[in-house]
Amino acid sequence: MDPALGPPDAMAEKRDELTPMMRQYHDLCARYDDALVLFQVGDFYETFCGAAERTARLLEVTLTSREDSTGEYPMTGIPVDNAESYIEELLEAGYRVAVADQIEEPGESPGVVERAVTRVITPGTLTEDELLASDDNNFVAALARDDGPERTLALALLDVSTGDFLATSSSSTEAIADEVSRFDPSEAVVGPDTSADPLPEGCMVTPFDPDAFGLERATETVSTYFGEPDTLLAGDAEIRACGALLEYAEYARGGAGDGEGAADEGAEATDRETGRLEYLTHLTRYDPREYLLLDAVALRSLELFEPRAVRAREDATLIGVLDETASALGGRALRDWLRRPLLEPDRIEARLDAVEELTGSVQTREHLHELLRDVYDLERLIGRISRERANARDLRSLRDTLAVVPEIRERLADADCARLRELREELDPLADVRELIDDAIVSDPPIEITEGGIVAEGYDSHLDDLRGTARDGKQWIDDLEANERERTGIDSLKVGYNSVHGYYIEVTNPNLEAVPEDYQRRQTLKNSERFVTPELKEREDEIVGAEERADELEYELFCEVRSAVADEVERVQALADALATVDALVSLATVAAQYDYCRPKIAERGEEASDGLEIDIEGGRHPVVERTQESFVPNGATLSPDRRLAVITGPNMSGKSTYMRQVAQIVLLAQVGSFVPAESARVSPVDRIFTRVGASDDIAGGRSTFMVEMDELATILREADERSLVLLDEVGRGTSTADGLAIAQAITEHLHDEVGATTLFATHHHPLTELAEALPAAFTLHFEVEQREGEVVFHHEIAPGAATGSYGVEVATAAGVPEDVVERSRELVAENADEPGGDSPDSRRRANDPRVPASTDGGSQGLPDDVAAELRSLELAHLTPVEALTELDRLQRLLEE
Ligand code: ADP
Ligand code: MG
């Protein structure tokens with residue numbers, strides 16, 4: 001057990017003797033025993049004992065101590081005012097943080113100040129803007145398993161900051177793991193019967209109250225939010241995951257006022273009421289099969305959200321090249337579209353229509369972009385408003401966004417396509433909400449909501465009266481000095497104010513004679529006396545009273561307005577959705593126009609999966625690579641049910657990997673509803689993209705074991721079908737050449753004969769090209785290199801047929817390796833290519849063993865034995881050009897010796 005969590009032992013032993021405050025701390029630690037409790041004492045959040053030692057070290061703050069009659073306890077404090085950055089570090093160190101605030105003013109009631117946990121901050125339930133990435137969702141997941149014969153596993157996903165809430169389920173743990181990697185939750189809540197199997201590393205696993213996962217209780221929880229769960233969700237496991245997740249979100253939100261004893265059964269009903277999260281208004285149940293499936297490997301290797309290479313620029317990703325959104329809302333929408341490309345041609349076409357129309361007018365696009373820049377993050381804003389964490393400035397931000405909406409509608413007034421017209425209708429400017437905020441809240445309110453200055457003049461007559469009273473009183477005091485000077489004839493008489501004594505009239509000692517009867521002495525100074533009059537006192541009380549009551553009233557009015565706005569949560573969310581969609585579409589259109597993308601034609605999906613895929617791309621480009629270098633050579637791709645397996649060969653660095661990925665990315669972009677980097681493209685929607693990048697090419701991923709490679713291959717062979725697009729990049733490298741080739745060959749045959757998936761296979765195993773020529777639906781493609789004036793030139797141009805395979809040798813020639821060595825290399829290459837088993841362990845042993853005569857002689861004549869033997873043992877197919885050069889250079893030196 002982490003000593004930073006739970007009630008400190010040193011306190012637990014003598015709980016009943018602790019001071020009331022320390023007992024409060026002890027009890028909160030006991031109640032929130034999986035979180036590090038930050039305990040407000042005035043301006044600081046304190047931690048004690050084990051938690052204090054831990055936080056002091058983590059946050060590099062001073063460890064002090066606090067003493068009471070029961071002993072001395074280590075203590076560490078962080079300032080309440082900028083707690084966020086400290087909390088962030090605690091989260092990064094893997095802690096959940098329970099924030100226990102003082103929920104009454106000191107002295108408000110006798111005894112110790114009341115404190116309650118107002119929020120539990122965990123990686124998955126953040127709502128603090130400071131801790132969240134604005135253009136990305138932050139999900140917390142829940143997993144629940146159904147005990148029925150199907151053993152269904154359900155996944156619920158919630159973004160507490162935006163209210164996005166999704167659920168799905170599957171009988172396959174792998175399918176759920178794929179969904180988990182799609183949404184990349186930062187935390188997952190698990191019940192008693194769920195393992196963390198489908199969860200990736202780096203995802204915090206939070207075991208939660210097993211009762212919350214109970215079917216009956218979960219059904220009730222879900223129905224209080226969304227109505228009958230049976231009509232919304234498929235199966236008990238989904239209900240249990242959603243119910244538990246809702247309860248967890250409520251728990252994380254904390255319940256102000258539910259101090260001691262709230263965990264009792266009796267208090268539960270009210271507890272739930274206070275914890276309810278009103279802005280969770282939608283629960284979307286989906287089937288993973290509604291979207292193009294991308295597993296974790298595909299997400300990574302197609303570089304959707306993260307670059308593959310360790311040193312790559314951070315924006316060298318698909319989202320990096322596509323994201324020209326103006327608002328956080330649009331940024332998140334675009335990420336969601338990429339994460340879940342569509343399958344339905346109609347839905348794809350609807351987006352494409354909108355993108356096409358928007359590419360047509362630079363002016364509309366730019367104007368919309370400008371307007372959208374003024375759109376605040378409405379989803380998180382309304383979330384805060386609804387959780388009663390919004391201040392008056394937040395309301396003004398909402399109002400400012402609403403003010404832009406009519407202009408955005410105006411820009412879409414002449415829209416032709418159905419989608420844009422629909423969006424225009426959905427852009428509800430919420431005139432009533434805007435008017436309310438305009439009327440109620442001043443245009444530049446302070447951050448504090450309890451100190452007045454928030455509510456506009458004329459909104460509430462009682463408030464106006466109070467303000468009037470205060471103002472009149474102040475005016476009376478302003479006039480007092482002149483009036484009293486006249487009445488008393490004391491020219492030096494002054495009216496002043498100090499915080500201890502309030503208003504006073506000051507008369508210097510020489511004039512004390514002239515002081516009238518009604519003056520009452522308050523304070524004697526060295527050269528003067530200070531007085532008050534009963535009337536002044538009365539006025540003063542009136543002013544202070546009116547101001548205090550005005551502040552209180554303002555706070556009440558503000559809360560009323562905030563809650564009235566919160567009542568419109570669904571409309572605000574619908575508006576946010578529409579704005580997000582417009583922004584994402586404008587972004588796609590901007591990229592399409594700027595980078596010369598074309599509209600893809602979406603082929604109808606055949607009735608049967610076995611109808612297979614049509615992909616026809618002319619002049620295709622890799623969307624990310626083309627941005628990172630000066631020039632890019634476009635390449636086409638033509639794949640169809642009877643030409644569906646391409647074996648691609650070519651030297652290292654000639655462009656094989658780039659080519660395969662660009663084909664997959666173009667298909668993916670088309671299904672997102674984006675234009676694509678090509679001269680023309682026709683694609684039928686793909687159900688699933690599988691990628692397997694050979695171990696040697698995946699060092700960045702740190703998963704370079706042969707086992708992982710085979711594991712992923714097994715998945716592909718098991719799950720791919722005629723509607724899958726499979727990319728295999730240098731598969732079969734993680735083992736001996738003979739094994740590797742054998743496996744590559746068997747895989748090719750299986751994919752071709754049994755699976756029928758559309759496959760691109762880049763390989764260094766040249767015998768595969770012969771196999772491809774022999775299989776009816778397979779064909780070969782290759783990249784050539786040329787040597788010119790001793791330099792190797794990469795054309796990056798794809799062509800039919802197989803590569804010659806002797807590129808390494810060409811490079812050696814270019815580098816000036818002696819002619820006889822090169823000759824011998826050519827022969828060896830030819831030999832290996834002739835017989836598929838040419839580089840089997842057997843033949844290699846022969847080549848290495850000086851007692852076994854080489855199968856051909858001649859070339860090696862005249863070479864010393866050791867050099868010849870080394871040369872023979874070189875596995876050319878495994879060498880990069882540079883390695884080949886280094887090796888040859890070494891041999892050359894050996895010869896010179
Ligand atoms: P391979 O997989 O054959 O070893 P890559 O696909 O990794 O080769 O490409 C190597 C490099 O060549 C890329 O990083 C890129 O800079 C460049 N390249 C690849 N394809 C093209 C192309 N079509 N046009 C221009 N440069 C390209
Ligand atoms: Mg490669």
Side-chain angles (χ1 to χ4, degrees), residues 297-298 300-303 307-313 315-318 320-321 595-596 617-637 646-666 676-679 681 691-701 703-704 709 726-734 740 744 759-766 768-769 780-786 791-808 810-811 876-885:
V297 186
R300 215 177 30 234
S301 90
L302 297 179
E303 301 182 282
R308 255 164 53 83
V310 195
R311 274 174 308 239
R313 279 171 31 194
D315 59 349
T317 56
L318 215 43
V321 302
Y595 298 95
D596 204 18
I617 298 166
E618 277 176 53
R621 293 152 6 230
H622 189 295
V624 181
V625 175
E626 76 161 340
R627 294 268 192 108
T628 53
Q629 57 189 45
E630 257 168 46
S631 70
F632 190 87
V633 182
N635 282 306
V647 170
I648 306 165
T649 46
N652 269 334
M653 297 302 284
S654 59
K656 301 182 297 297
S657 303
T658 308
Y659 175 74
M660 296 203 300
R661 291 202 178 91
Q662 98 190 16
V663 172
Q665 286 175 333
I666 287 173
V676 299
E679 261 159 50
T691 64
R692 175 54 233 174
V693 178
S696 62
D697 258 25
D698 197 18
I699 295 154
R703 295 156 54 89
S704 54
E709 181 172 333
V726 177
L727 307 187
L728 300 176
D729 198 348
E730 311 276 11
V731 168
R733 258 200 149 165
T759 307
L760 299 175
F761 193 163
T763 184
H764 59 285
H765 291 302
H766 281 271
L768 277 194
T769 58
T780 52
L781 293 170
H782 78 289
F783 284 94
E784 277 305 351
V785 286
E786 193 193 333
E791 298 257 322
V792 182
V793 182
F794 292 98
H795 292 298
H796 302 304
E797 213 172 307
I798 194 102
T804 56
S806 58
Y807 53 87
E810 303 310 322
V811 174
L876 294 183
H878 272 194
L879 297 179
T880 65
V882 176
E883 283 164 355
L885 278 181

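This is a predicted model, so every value here is computed, not measured. Counting convention: from 1, in listed order, for ligands and their atoms alike.
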Counting backbone and side-chain atoms alike, is an N, O or S atom of M653 positioned under 2.8 Å from the Mg ion (ligand 2)? no

Using distance alone, determine whether K656 and ligand 1 share an N or O pair under 3.5 Å. yes

Please determine if V625 has a nitrogen or oxygen closer than 3.5 Å to a nitrogen or oxygen of ligand 1. no

Are G650 and ligand 1 in contact, using a heavy-atom cut-off of under 4.0 Å? no

Please examine the side chains of F794 and F783, heavy atoms only from C-beta on, and report whether any two atoms are closer than 4.5 Å. no

Contact atoms of ligand 1, heavy-atom distance to G655 under 4.0 Å: 1 (P), 3 (O), 5 (P), 6 (O), 8 (O), 9 (O), 19 (C), 20 (N)

For F632, counting its heavy atoms only, list the atoms of ligand 1 lying under 4.0 Å from any of them. 21 (C), 22 (C), 23 (N), 24 (N), 25 (C)

Which of the atoms in ligand 1, numbered in the order shown and given with their element, are less than 4.0 Å from a heavy-atom of N652? 4 (O)

Which ligand 1 atoms, with their elements, are less than 4.0 angstrom from a heavy-atom of S631? 25 (C)

4.5 Å side-chain heavy-atom contact, V321 and R627: yes

Determine whether any heavy atom of P634 lies closer than 4.0 Å to an atom of ligand 1. no

Is A762 near ligand 1, meaning one of its heavy atoms is under 4.0 Å from it? no

Donor-acceptor pair, side chain of H765 and main chain of L768, under 3.5 angstrom: no

Is V624 close to L318 at the side-chain level, that is, under 4.5 Å between some pair of heavy atoms? yes

Minimal non-hydrogen separation, T769 against T780, with atom names: O-CG2, 3.6 Å

List ligand 1 atoms under 4.0 Å from P651, heavy atoms only on the residue side. 3 (O)

Intermediate values then yes/no, side-chain contact (heavy atoms from CB on, under 4.5 Å), Q662 and N635: CA-CA 9 Å; Q662 98 190 16; N635 282 306; 4.0 Å; yes

Please tell me if the side chains of F761 and I648 come closer than 4.5 Å, counting only heavy atoms from C-beta onward. no

Hey, could you give me the CG/OG distance between D729 and S301, rounded to the nearest 0.5 Å? 8.5 Å

Could you tell me whether the side chains of E784 and H795 share a donor-acceptor contact shorter than 3.5 Å? no

Checking heavy-atom distances from atom 20 (N) of ligand 1 to each of T628, T658, I798, I648, the winner is T658

Test of understanding: given a 4.0 Å heavy-atom threshold, classify the contact between R621 and ligand 1 as side chain, backbone, both, or neither. neither

Should one rank H795, E797, M653, Q629 by closest heavy-atom distance to atom 11 (C) of ligand 1, which comes out on top? M653

